[in-house]
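Notes follow the structure.
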2 protein chains.
Amino acid sequence: MTLKVQAAESRIEQLCIEHGLKMTGQRRVIARVLSEADDHPDVEELYRRAAVLDSRISVATVYRTVRLLEEKGILERRDFGGGRARYEATEHGRHHYHLIDVDNGKVIEFEDPEHEAFMMKVADRLGFEFVSMRLELFGKKRQPANASSGKTTPRSRRKGDQT
Amino acid sequence: MTLKVQAAESRIEQLCIEHGLKMTGQRRVIARVLSEADDHPDVEELYRRAAVLDSRISVATVYRTVRLLEEKGILERRDFGGGRARYEATEHGRHHYHLIDVDNGKVIEFEDPEHEAFMMKVADRLGFEFVSMRLELFGKKRQPANASSGKTTPRSRRKGDQT
DNA sequence: TTATGTGCAAACTTTTTGCTGAAAG
DNA sequence: CTTTCAGCAAAAAGTTTGCACATAA
């Protein structure tokens, strides 16, 4: 009987294995960071989090891994405005979508259960096999009938967006 | 009576004027290029088209203009994968969406009349005022039951995508 | 006439890559 | 043992910006 000494494989690591990827220490760490993320980190942020678990990791590796996993369909790239790509694990069946607050870049997730099925039908009707989709909604927070409109509202594309 | 010698203002130029923008020669040209585009040009492409109409224009100006028009809500930025931002005029009411062929980057447009109304409701329910949305569907062309599977299929992100 | 826009080239930011040593299978 | 991966630093790609001149209103 083999004794399991290491922490169980993370969900993303599982998927990597299923896709036949060679599991290096670095990939395992990045996979774990991704599995534990419940937000939409960009490469910098993934790198930061990975470096905490294992400092002998480089940004280049994070870039290469993230690209690889995207090609395998394990990760999805998002663009919420802000100049850098952000990533989240692909969820099959239980898709969620994003509402981005244009004033501060904050991201709110929402669901629409019928949506994915509908999009698969659209793809099918156009002669395509569904691979993935993105739905991004941009909005401004509605003020709850409170007046002070002289706020310093950042308007242009900013670099450090949240969530 | 004033004689109109110049070509009529382009649709985008109209919008610029309505937004109180100073109309320089360059902006007029870019506005026209945008008005006449029925695809999703990136900055390079806009620059190329604009340079045909007026060669004393620079890429920097195209970047600045495109950014300005996006901030004014006249243009919308898209990311179809391929590393550069692509632009199209905002359409109010008659939104269309994009299906991207993951194998060759080609973009097909499709409509869904109920969709925008539904998204406005979602935004509203979450306490936001609808600003804009993006919907991108990625798919692989379904082979019409014809077998030859040994094709040289480009897989990674390529730089010169179509449409 | 004044505020704003433009061209140019340099700077910046994000992402990719060539090369050499390392490690997975 | 062979093939693929990682680190590093250099380069590429896309986009922004400072400055001096030009131009719209």
Side-chain angles (χ1 to χ4, degrees), chain A residues 6 9 13 16-31 33 40-48 50-51 53-72 75 77-87 155-161, chain B residues 6 9 13 16-31 40-48 50-51 53-72 75 77-87 154-161:
Chain A
Q6 308 196 322
E9 286 114 15
E13 184 179 346
C16 291
I17 293 166
E18 283 165 30
H19 281 264
L21 299 179
K22 190 184 268 192
M23 288 313 295
T24 63
Q26 291 88 327
R27 284 196 186 157
R28 228 181 304 272
V29 168
I30 296 168
V33 167
H40 315 88
D42 57 33
V43 168
E44 276 283 305
E45 181 60 27
L46 287 173
Y47 172 60
R48 237 174 282 128
L53 303 183
D54 181 346
S55 55
R56 67 212 162 111
I57 224 169
S58 80
V59 223
T61 299
V62 179
Y63 271 106
R64 284 194 267 235
T65 304
V66 122
R67 192 191 230 267
L68 178 69
L69 299 202
E70 192 198 349
E71 277 165 21
K72 294 290 180 185
L75 278 189
R77 184 161 31 99
R78 305 280 177 230
D79 164 32
F80 294 155
R84 40 239 280 182
R86 303 171 72 175
Y87 293 89
R155 193 64 45 162
S156 50
R157 221 197 304 178
R158 55 231 91 62
K159 291 291 173 181
D161 285 349
Chain B
Q6 307 197 321
E9 287 117 15
E13 184 178 346
C16 289
I17 293 166
E18 284 167 29
H19 281 264
L21 299 180
K22 190 185 269 193
M23 286 315 293
T24 64
Q26 291 88 327
R27 283 194 186 161
R28 227 182 305 272
V29 168
I30 296 168
H40 314 89
D42 56 33
V43 168
E44 276 284 303
E45 181 60 27
L46 288 173
Y47 172 60
R48 237 175 282 130
L53 304 182
D54 180 348
S55 55
R56 64 207 165 115
I57 223 169
S58 79
V59 222
T61 299
V62 179
Y63 272 107
R64 284 193 268 233
T65 304
V66 122
R67 191 192 231 267
L68 177 68
L69 299 202
E70 193 199 346
E71 276 165 21
K72 294 290 182 187
L75 278 189
R77 183 161 31 98
R78 304 280 178 232
D79 164 32
F80 294 156
R84 41 239 278 181
R86 303 171 73 175
Y87 293 89
R155 195 63 45 163
S156 51
R157 222 198 302 178
R158 55 230 91 61
K159 291 292 172 181
D161 285 349

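Protein chains get the first letters and strands the later ones, always in sequence-line order, with residue 1 at the start of each. All figures in this text were calculated on a predicted structure; none of them were measured in a lab.
One can place CZ of A:Arg27 at 11 Å from P of D:dG7, the figure rounded to the nearest angstrom. Rounded to an integer number of Å, the gap from B:His19 NE2 to C:dT4 C1' is 18 Å. Taking atom CZ of residue A:Arg67 and atom C1' of nucleotide C:dT16, one finds them 7 Å apart after rounding to whole Å. If you take CD of A:Gln26 and C1' of D:dG7, they are 9 Å apart, rounded to a whole angstrom. If you measure from atom OH of B:Tyr63 to atom C1' of D:dG18, you get 18 Å, rounded to the nearest angstrom. Computed from coordinates, the A:Leu68 CG to C:dT16 C1' distance equals 15 Å when rounded to whole Å. For the pair A:Ile30 CD1 and D:dG7 P, the computed distance is 8 Å after rounding to whole Å. Look at CD on B:Glu13: it is 12 Å from P on D:dA24, rounded to the nearest Å.
Of the listed nucleotides (D:dG18, C:dT14, D:dT15), C:dT14 has the atom at the smallest distance from the side chain of A:Arg84. The B:Ala60 side chain lies nearest to C:dC8 when the options are D:dT15, D:dA6, C:dC8.
Side-chain nitrogen and oxygen atoms of B:Ser58 include none within less than 4.0 Å of the OP1 or OP2 phosphate oxygen of C:dT6. Checking the phosphate oxygens (OP1, OP2) of C:dG5, no side-chain nitrogen or oxygen of B:Arg64 falls inside 4.0 Å.
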Side-chain donor-acceptor pairs under 3.5 Å in residues 54-63 of chain A, sequence neighbours left out?
{"residue": "A:Asp54", "atom": "OD1", "partner": "A:Arg56", "partner atom": "N", "Å": "3.0"}
{"residue": "A:Asp54", "atom": "OD1", "partner": "A:Arg56", "partner atom": "NE", "Å": "3.1"}
{"residue": "A:Asp54", "atom": "OD2", "partner": "A:Arg56", "partner atom": "NE", "Å": "3.2"}
{"residue": "A:Asp54", "atom": "OD2", "partner": "A:Arg56", "partner atom": "NH2", "Å": "3.1"}
{"residue": "A:Ser58", "atom": "OG", "partner": "A:Ala60", "partner atom": "N", "Å": "3.4"}
{"residue": "A:Ser58", "atom": "OG", "partner": "A:Thr61", "partner atom": "N", "Å": "3.4"}
{"residue": "A:Ser58", "atom": "OG", "partner": "A:Thr61", "partner atom": "OG1", "Å": "3.4"}

Pairs: protein N or O with nucleotides 22-25 of chain C N or O, under 3.5 Å:
{"residue": "C:dA24", "atom": "N3", "partner": "A:Lys22", "partner atom": "NZ", "Å": "3.3"}
{"residue": "C:dG25", "atom": "OP1", "partner": "A:Met23", "partner atom": "N", "Å": "3.1"}

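Closest approach of B:Leu46 and B:Pro41 over heavy atoms only: CD2-CG, 3.6 Å. Considering all non-hydrogen atoms of both residues, B:Ala50 and B:Ile30 come closest at CB-CG1, 4.5 Å.
Remark: side-chain polar atoms of A:Arg27 are paired, donor with acceptor, to backbone N or O of A:Lys22 under 3.5 angstrom.
Applying the side-chain hydrogen bond (donor to acceptor under 3.5 Å, both in side chains) test to B:Glu13 and every residue at least two apart in sequence or in another chain returns B:Arg28. Not counting sequence neighbours, the partners of B:Arg78 by the side-chain hydrogen bond (donor to acceptor under 3.5 Å, both in side chains) test are B:Glu76, B:Glu88. Among residues two or more places apart in sequence or in another chain, the side-chain hydrogen bond (donor to acceptor under 3.5 Å, both in side chains) test is passed with B:Arg64 by none.
Take the nearest nucleotide of DNA chain D for A:Thr65 and for B:Val43: the residue whose nucleotide is more 5' is A:Thr65.
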